[in-house]
Amino acid sequence: MKKRVLWLLCLIVSFVSAGAQTADTFTNPVIKGDLADPSVIRVGDTYYLTATSSEWAPFYPVYKSADLVNWSQVGHVFDTLPDWLVSSFWAPELYFHKNKYYAYYTARRKSDGVSLIGVATSKDPAKGFEDKGVLIEHGKEAIDAFVFEDEGVLYISWKAYGLDNRPIELLCNRLSDDGLKLEGEPFLLLRDDDRIGMEGQCMFKKDGYYYILYAVKGCCGPNSDYAVYAARSKSIKGPYELYPANPILGGGGGVLSAGHGTMTTTPDGRMFYICHAYFKGADFYNGRQPILQELKVNEQGWPYFVSGSFVAAKQPVPFAGTVQQPVRGFEDSFDGKVLKREWTWNYPVSDVKPVLKKGSLLLKGMPKKGNVDVSALCLRPVAPVYTVETEVLNRNGSLKGITFYGDDKNLVAWGCQGGQLVLKQLKDGDERVLASVPVPAGNVGVKMVVTEGCRVSFLWRHAGGKWKALNGFDSVDYSYLVRWDRVARPGLIHWGAAADWAEFGFFKMAVPE
């Protein structure tokens, strides 16, 4: 009996210890979903983060955190796109200066498709930014801005010549005190003489050295081999020496690759780096997700990550008492006055025109010239296993339901069209109806079950009845929907003439606990 009591006590202690250990750690990524090229700043005790939105609107989502581990989306840099821009909404950089927030962003100019760096300002990142126009135009491409203050002087660095037949360069230029204009001429920080790639830089100064952390190799897709290099100099203008032990961070274990981020500090001066990483296996289909790792400088004056040169998913929490919140799904009953901020749409091909109507959503497509009549409201997937469902409230000649969406030429749609349930796909622009099932009049529910990040099964029900599987389409592989710099997103779809609008009763994305 005594032995049994002792065994139980030991078991209880082990559970308590395990719980305490869990409370002292978090697991990367710190934000679930496709948020590449994250930029983070601290203002007082509050952290703000933004990231690439690529071809999805609204533009450059903005997140807020008190502990660097738990983040909530509070808005976007732009809810409405400045009319001089057209696409490729990449690598925004946040900065705080003289009680004003700045967003230095990359996008393509509508008139000629050239990638430029613009600037916008705000008094409150949650309420959006006011565009101030072009800041840097440099040859065919200027991207990946980073702003750095040294002895009261502002500097901005960027990647140049990425589209030319010459080595990439990281350039730097003095900024005006209001952060809105360049002063003087640009100077060279680093040149990619080895032709391995060079971008996504950030800078900091410590103990007399200027440090540059930057990304090398391939950023995107299933063959990504992104990694983080370090360089240092005693002068901001160089010359910079490369760390002989580069890379200081890269893929390994369950991580495919990592890079392109910025460094922030805690109020007590500790340094943390947030960049994006592709995870291997099914988690790859969540895209490039933000990860957090503590950064220090060793006795030889070189930066290193506390958990090693390979991405470690499990990390100590930056602040004692922090408890990482579980992954949550998403639900919208459409009873608000505006769309929830998590919704996204493929802006270059279609202006989505949603109308909220007392607990339902009216959605009609407004495709831009030369594009198919497809409009989709989508969400970032946050787990490799989840379900999405909606209820279709009306019938007409358009296809209305749910989608797994890569881009305007690569997607699958499952929903109602007239008196039929239709499964339809676009693959490299080739349109095919894969299945058609008669359905009685009345409301119809449609559901997708996603497993392994890319395998989809399709279900339906009539008038709130039991779910039925679409025979012959169980766990279909849709990995082909991955685009160069994006992964497929689930959501709502309207496929047809704008006059044949769609009406939805709700939308739900459920993630298993």
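Note that the coordinates shown come from a computational prediction; the quantities given were computed from them, not determined experimentally.
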Candidate pair Ile291 and Cys275, rule side chain to side chain contact (heavy atoms under 4.5 Å, CB included), full reasoning: CA-CA 6 Å; Ile291 62 169; Cys275 67; 3.8 Å; yes
Side chain to side chain contact (heavy atoms under 4.5 Å, CB included) assessment of Val412 paired with Val456: CA-CA 10 Å; Val412 61; Val456 185; 5.8 Å; no
Chi angles and distances behind the side chain to side chain donor-acceptor pair (under 3.5 Å) call for Ser122, Asp124: CA-CA 5 Å; Ser122 175; Asp124 183 350; 5.8 Å; no
Steps toward side chain to side chain donor-acceptor pair (under 3.5 Å) verdict (Glu130, Thr121): CA-CA 5 Å; Glu130 179 184 356; Thr121 62; 4.8 Å; no
Pair Leu49-Leu94, side chain to side chain contact (heavy atoms under 4.5 Å, CB included): steps then yes or no: CA-CA 7 Å; Leu49 179 149; Leu94 292 178; 5.6 Å; no
Worked check of side chain to side chain donor-acceptor pair (under 3.5 Å) between Arg380 and Thr344: CA-CA 8 Å; Arg380 294 175 180 86; Thr344 65; 5.8 Å; no
Candidate pair Ser475 and Thr451, rule side chain to side chain contact (heavy atoms under 4.5 Å, CB included), full reasoning: CA-CA 7 Å; Ser475 192; Thr451 59; 4.2 Å; yes
Criterion side chain to side chain donor-acceptor pair (under 3.5 Å) on Ser257 and Asp225, from CA distance to verdict: CA-CA 5 Å; Ser257 63; Asp225 55 358; over 6 Å; no
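Heavy atoms of other residues, nucleotides or ligands lying less than 6.0 angstrom from NZ of Lys364 number 12 at most. Annotation: Asp45, atom CG; neighbour count of heavy atoms from other residues, nucleotides and ligands within 6.0 Å does not exceed 12. In Lys340, the NZ atom is crowded: over 12 heavy atoms of neighbouring residues, nucleotides or ligands sit closer than 6.0 Å.
The distance from the CG atom of Asn99 to the NZ atom of Lys123 is 6.0 Å, given to the nearest 0.5 Å. For the atom pair CG (Leu163) and CD (Glu141), the distance works out to 4.0 Å, reported to the nearest 0.5 Å. The CD atom of Glu503 sits 8.5 Å away from the CG atom of Asn443 when rounded to the nearest 0.5 Å. For the atom pair CD1 (Ile402) and NZ (Lys447), the distance works out to 9.5 Å, reported to the nearest 0.5 Å. To the nearest 0.5 angstrom, Glu93 atom CD is 3.5 Å from Ser39 atom OG. Atom OG of Ser157 is separated from atom CZ of Phe146 by 6.5 Å, given to the nearest 0.5 angstrom.
Tyr226 and His276 have their aromatic ring centers within a separation under 6.0 angstrom. Close placement of the His138 and Trp158 rings is indicated, their centers lying within 6.0 Å of each other. The six-membered or imidazole ring of Phe507 lies near that of Trp343, with a centre-to-centre distance under 6.0 Å. Taking the six-membered ring wherever Trp is involved, the centroid distance between the rings of Tyr101 and Tyr48 falls below 6.0 Å. For Tyr405 and Trp56, the gap between ring centers is short of 6.0 Å.
Contact detail for Met198 and Lys159: the closest heavy-atom pair is O-CD, 3.5 Å. For Val444 against His462, the heavy-atom pair with the smallest separation is CG2-CD2, 4.3 Å. Residues Asp407 and Leu411 approach most closely at O-CD2, 3.6 Å, considering heavy atoms. In plain terms, the two heavy atoms of Asp485 and Arg288 that are nearest each other are O-NH2, 3.1 Å. In plain terms, the two heavy atoms of Ser436 and Gln420 that are nearest each other are OG-OE1, 2.7 Å. Across every non-hydrogen atom of Leu256 and Lys280, the tightest pair is N-CG, 3.7 Å.
In terms of modelled atom types and a separation under 3.5 Å, the side chain of Asp67 and the main chain of Thr322 share no donor-acceptor contact. A donor-acceptor pair under 3.5 Å is absent between the side-chain atoms of Gln293 and the main chain of Phe272, judged by distance alone. At distances below 3.5 Å, at least one donor-acceptor pair connects side-chain atoms of Tyr278 with backbone N or O atoms of Gly221. A donor-acceptor pair under 3.5 Å is formed between the side chain of Asn394 and the backbone N or O of Trp501. Counting only distance, with no hydrogens or angles, the side chain of Glu55 and the backbone of Ser88 share a donor-acceptor pair below 3.5 Å. Distance alone, capped at 3.5 Å, is enough to place a donor-acceptor pair between the Lys400 side chain and the Ser398 backbone. Put simply, the side chain of His494 gets close to the backbone of Asp500: a donor and an acceptor are under 3.5 Å apart. Put simply, the side chain of Thr106 gets close to the backbone of Asp144: a donor and an acceptor are under 3.5 Å apart. Using a distance-only test at 3.5 Å, with no hydrogens or angles considered, no donor-acceptor pair links the side chain of Asn286 to the main chain of Gln289. Within the 3.5 Å criterion, the main-chain N or O of Gly415 finds no donor-acceptor partner in the side chain of Gln417.
Ring-plane geometry between Phe59 and Phe89 is classed as perpendicular, the angle between the planes exceeding 60 degrees on a 0 to 90 degree scale with a lower cut at 30. A perpendicular orientation is assigned to the rings of Tyr105 and Phe78, their planes being inclined by more than 60° (bins at 30° and 60°).
Using a 4.5 Å heavy-atom threshold, the side chains of Arg455 and Val450 count as separate. Contact of the Leu182 side chain with the Ile156 side chain is registered, since non-hydrogen atoms from C-beta on lie closer than 4.5 Å. In this structure the side chain of Arg486 reaches within 4.5 angstrom of the side chain of Ser54, judged on heavy atoms. Counting only heavy atoms from C-beta outward, the side chains of Lys358 and Asp335 never approach each other to under 4.5 Å. Taking the side chain as every heavy atom from C-beta outward, Pro348 and Val86 never approach each other to under 4.5 Å. At least one side-chain heavy atom of Tyr95 sits under 4.5 Å from a side-chain heavy atom of Leu154. Side-chain contact between Phe26 and Leu292 is present, with heavy atoms from C-beta onward closer than 4.5 Å. For the pair Tyr63 and Pro38, the minimum side-chain heavy-atom distance is 4.5 Å or more.
Residues Trp84 and Asp131 have side chains that bring a donor and an acceptor to within less than 3.5 angstrom of each other. Arg42 and Thr264 are not linked by any side-chain donor-acceptor pair at a separation below 3.5 angstrom, with hydrogens and angles left out of the test. Of the N and O atoms on the side chains of Gln73 and Glu342, not one donor lies less than 3.5 Å from an acceptor on the other residue.
Judged by the 6.0 Å distance and 45° axis criteria, Lys140 is not positioned over the aromatic ring of Tyr161. Seen from the ring of Trp414, Lys424 does not count as a face-on cation partner, given the 6.0 Å and 45° thresholds. Judged by the 6.0 Å and 45° rule, Lys427 forms a cation-pi pair with Tyr480.
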